Visitor: 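The structure under discussion is supplied below as structure tokens; questions concerning it will follow.
Just so we're clear, the structure is a prediction, and the values are computed from it rather than from any experiment.
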Amino acid sequence: MTKTYDNIVGLRDRTPAEEEQYAKDQKEYQDNIVPKKLAYIKELRLQKLMETDYYALQDVTMSNEMKTWRQSLRDIPANHTDETAYDALLARDSDGNLTHSVWSKP
């Protein structure tokens with residue numbers, strides 16, 4: 001039996017009902033992890049695009065490299081379609097910076 005923390009008693013064994021609920025919660029989390037990763041990737045992508053939206057203004061000339069980079073960000077869902085690819089996109093270095101080349105602004 002696995003331990004759980006109770007605010008009144010402290011550490012105690014889970015009841016069978018709690019153990020069953022915990023297992024269900026863990027399964028639901030694991031079943032939904034891929035869509036959650038994709039949603040987070042899309043949030044990161046949107047941030048990067050918003051940071052460079054000013055390049056699309058009429059009085060600013062966007063370089064071809066910037067156009068290509070912004071397009072590669074928009075293509076992430078089409079070009080990265082499984083959990084392994086999502087993990088690669090979300091990889092971070094020891095300082096917490098994203099390491100995949102798609103995130104590097106030209």
Visitor: For K48, is there any backbone N or O sitting under 3.5 Å from a side-chain donor or acceptor partner on T52?
Guide: yes
Visitor: Can you confirm whether K42 is buried at NZ, in the sense that more than 12 heavy atoms of other residues, nucleotides or ligands lie under 6.0 Å from that atom?
Guide: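 Atom NZ in K42 is not crowded, with 12 or fewer foreign heavy atoms closer than 6.0 Å.
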Visitor: Grouping I, L, V, M, F, W and Y whenever their side-chain heavy atoms are under 4.5 Å apart, do M50 and V102 come out in a common cluster?
Guide: no
Visitor: Taking the six-membered ring of Y22, is NZ or CZ of R14 closer than 6.0 Å to its centre and within 45° of its axis?
Guide: yes
Visitor: How long is the span from the NZ atom in K37 to the CD1 atom in I41, to the nearest 0.5 Å?
Guide: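 Rounded to the nearest 0.5 Å, the NZ-CD1 separation comes to 8.5 Å.
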Visitor: Please find the pair of heavy atoms, one from T81 and one from A78, that lie closest to each other, and give the distance.
Guide: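 Answer, listing the atom of T81 first, then A78: CG2-O, 3.5 Å.
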Visitor: Any heavy-atom pair between the side chains of H80 and H100 that's under 4.5 Å?
Guide: yes
Visitor: Of all heavy-atom pairs between L89 and L98, which one has the smallest distance, and what is that distance?
Guide: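 That closest heavy-atom pairing would be O-CD2, 3.7 Å.
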Visitor: Rounded to the nearest 0.5 Å, how far does CG of L38 lie from CD1 of I76?
Guide: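 So the CD1 of I76 and the CG of L38 are separated by 9.5 Å.
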Visitor: Determine yes or no for a side-chain-to-main-chain donor-acceptor pair under 3.5 angstrom, with D75 supplying the side chain and N79 the backbone.
Guide: no
Visitor: Any ion pair linking D53 and R70 (charged N to carboxylate O, less than 4.0 Å)?
Guide: yes
Visitor: Would you give the length of the straight line joining atom CE of M66 to atom NZ of K105, rounded to the nearest 0.5 angstrom?
Guide: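 The NZ atom of K105 is 6.0 Å from CE of M66, to the nearest 0.5 Å.
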Visitor: Checking D93 side chain against D95 main chain: does a donor-acceptor pair fall under 3.5 Å?
Guide: yes
Visitor: Could you measure the distance from the NZ atom of K27 to the CG atom of D25? Nearest 0.5 Å is fine.
Guide: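 If I round to the nearest 0.5 Å, the distance is 12.0 Å.
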Visitor: R92 and T99: side-chain donor and acceptor closer than 3.5 Å?
Guide: no
Visitor: Starting from the C-alpha separation in whole Å, work towards a yes-or-no answer on side chain to side chain contact (heavy atoms under 4.5 Å, CB included) for L46 and L73.
Guide: CA-CA 8 Å; L46 180 60; L73 290 175; over 6 Å; no
Visitor: Can you tell me how far apart CH2 (W103) and CG (L90) are? Round to the nearest 0.5 Å.
Guide: 7.5 Å
Visitor: Yes or no on salt bridge (charged side-chain N to carboxylate O under 4.0 Å, His left out) for K24 and E28, after CA distance, side-chain angles and deciding distance?
Guide: CA-CA 6 Å; K24 284 180 185 176; E28 180 181 345; over 6 Å; no
Visitor: From S104 OG over to W69 CH2, what is the distance, rounded to the nearest 0.5 angstrom?
Guide: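 Here the rounded value is 8.5 Å.
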Visitor: Taking it one step at a time, do Q21 and E18 satisfy side chain to side chain contact (heavy atoms under 4.5 Å, CB included)?
Guide: CA-CA 5 Å; Q21 185 61 49; E18 289 172 332; 5.7 Å; no
